[in-house]
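Residue numbers start from 1 in every chain, and the chains themselves are labelled A, B, ... in the order their sequence lines are given, proteins ahead of strands. This structure is a prediction, so every number in the text was calculated from the model and none was measured.
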Protein chains: 2
Amino acid sequence: MSEILSQQEVLDRFHARLGASGLKSTQQRDVIVAKFFELGRHISVEELLEEVRRTAPRIGYATVYRTLKLLVEHRFATPRQFGDGQTRFDPADGDDDEHDHIICLGCRRVLEFSDPTITVRIQGVVAAQGDFELARQRLELYVHCKTEDCPHLAASKHR
Amino acid sequence: MSEILSQQEVLDRFHARLGASGLKSTQQRDVIVAKFFELGRHISVEELLEEVRRTAPRIGYATVYRTLKLLVEHRFATPRQFGDGQTRFDPADGDDDEHDHIICLGCRRVLEFSDPTITVRIQGVVAAQGDFELARQRLELYVHCKTEDCPHLAASKHR
DNA sequence: TTAGCTGCAAAGAGTTTGCAGCCTG
DNA sequence: CAGGCTGCAAACTCTTTGCAGCTAA
């Protein structure tokens, strides 16, 4: 069972891990990390940078990339590629907190779900295929949604 | 049930589809398409180009990219991103022929599998989540394999 | 004080595009 | 012969890196 941690708690844990690795916490990192956990999931570097610059306008791309890399290395973020060229990132609490995605090919909206039945079945599949240690699973369901404003409905007219 | 089609049959079907769309078949396209179906799955543009140049040394990157794009549009190929930065492509017979992957994070070897039980369960998940039409599913299992020569076993020593 | 960090700009990787000439239908 | 296709190089997008100055511990 994973508990829900407050933003502050996650930031504290991040600081603790930084310290344990001999790394520093800086104003920029704090702003980026706080915004990252405050905002929703599946955020791109560009979206995050834009938000972060409202607080700290002089922060550059490189710092955001480097901070996200740090987060990933310390398991506070999970990178995702949904096929549109950009990497997106999901917050994680530093432990395992897996979920999967439904992605609309028209409007690129993303929904999360998790299904324990599938997870169990997956473990069976891996065991059946050979001598492997499962590191992580990634399941993406690409759909067309029936929402009014989903561009794919008008795709044949425009573009 | 999907039948196994010979390389020639797939090439013929590709030509037929090209014609139906008012497109031309050329020497270069034939070489690229033939090699693509001859070689294994999950091939990258670079690997394919290298192979293709043994037959036709003057073929350039752009032609391979453009031909693969054509194949994808006509459902003769499926693009995959396993997180190492390059897009890989799987041959398909022009109809649906889905399978999923087990990827070793150490040696980047890729294994295929498909599991109907999971597919069925996925349809249930999608239906439960909202009003969607499932376009395709993608399931990737990242593992560490226990093979002798898998570099991850020596990862902590080297690099 | 001294690692480590930042911002900038330049460099890299992978992919796409513009264009003049070529080839297929 | 017309329109699509090719090869080349340049352009583009996303991401990483080198470096001089800055800052947290």
Side-chain angles (χ1 to χ4, degrees), chain A residues 11-12 14-36 42-50 52-53 55-74 77 79-89 108 159, chain B residues 11-12 14-36 42-50 52-53 55-74 77 79-89 108 159:
Chain A
L11 231 169
D12 288 346
F14 178 62
H15 284 167
R17 291 225 187 165
L18 283 181
S21 305
L23 301 172
K24 294 175 179 175
S25 76
T26 65
Q27 289 182 17
Q28 292 91 330
R29 281 186 184 171
D30 284 0
V31 173
I32 295 167
V33 173
K35 275 287 176 198
F36 175 64
H42 353 105
I43 197 168
S44 67
V45 169
E46 188 142 337
E47 290 163 344
L48 182 55
L49 179 64
E50 195 178 318
V52 158
R53 279 191 168 157
T55 305
R58 291 183 40 82
I59 285 184
Y61 274 94
T63 303
V64 174
Y65 273 106
R66 286 188 276 227
T67 304
L68 280 170
K69 192 176 198 176
L70 257 190
L71 286 169
V72 170
E73 283 166 359
H74 290 264
R80 312 274 180 190
Q81 287 168 255
F82 295 145
D84 65 347
Q86 321 194 89
T87 304
R88 281 152 212 285
F89 296 85
R108 289 277 158 195
R159 102 157 26 201
Chain B
L11 230 169
D12 289 346
F14 179 63
H15 284 167
R17 291 223 187 164
L18 283 181
S21 306
L23 301 171
K24 294 176 178 174
S25 75
T26 65
Q27 289 182 15
Q28 292 90 330
R29 280 186 183 170
D30 285 359
V31 173
I32 294 168
V33 173
K35 274 287 178 199
F36 175 64
H42 352 104
I43 196 168
S44 67
V45 169
E46 188 143 338
E47 290 163 343
L48 182 54
L49 179 64
E50 194 179 319
V52 158
R53 279 190 168 159
T55 305
R58 290 183 43 81
I59 286 183
Y61 273 94
T63 303
V64 175
Y65 272 107
R66 286 188 277 228
T67 304
L68 280 170
K69 192 176 198 174
L70 257 190
L71 286 169
V72 170
E73 282 164 2
H74 290 264
R80 313 274 180 189
Q81 286 168 255
F82 295 145
D84 64 347
Q86 322 194 86
T87 304
R88 280 150 214 285
F89 296 85
R108 289 276 158 195
R159 88 157 39 198

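Between the CD1 atom of B:Ile43 and the CG atom of B:Leu68 there is a distance of 8.5 Å, given to the nearest 0.5 Å. Distance CD/A:Gln81 to CD/B:Gln81: 5.0 Å, rounded to 0.5 Å. Annotation: the span from B:Arg29 atom CZ to B:Phe36 atom CZ amounts to 15.0 Å, rounded to 0.5 Å. With values rounded to the nearest 0.5 angstrom, B:Arg58 atom CZ is found 10.5 Å from B:Thr63 atom OG1.
Counting to the nearest Å, the C1' atom of D:dT15 and the CG atom of B:Asp84 are 14 Å from each other. Note: CG (A:Leu49) to C1' (D:dT13) measures 15 Å, nearest angstrom. Look at CG on B:Asp30: it is 19 Å from P on D:dG4, rounded to the nearest Å. If you measure from atom CD of B:Glu47 to atom C1' of C:dA13, you get 16 Å, rounded to the nearest angstrom. For A:Leu71 and D:dT15, the CG to P distance is 15 Å, given to the nearest whole Å. Separating the CZ atom of B:Arg58 from the P atom of D:dG7 is a distance of 7 Å, rounded to the nearest angstrom. Here D:dC8 presents its C1' atom at 14 Å from CD1 of B:Ile59, a figure rounded to the nearest Å.
Under the side chain to side chain contact (heavy atoms under 4.5 Å, CB included) criterion, A:Arg108 pairs with A:Phe82, A:Asp84, A:Ile103, A:Leu105, sequence neighbours left out.
Residues B:Val45 and B:Thr87 fail the side-chain proximity criterion, which asks for heavy atoms closer than 4.5 Å.
Residue whose closest nucleotide on DNA chain C sits further toward the 5' end, between B:Glu46 and A:Ile32: A:Ile32.
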(request) Encode nucleotides 15-25 of chain C as B, S and - characters from 5' to 3', where the letter depends on protein heavy atoms closer than 4.0 Å: B to the base, S only to sugar-phosphate, - to neither. (result) BBBB-----BS
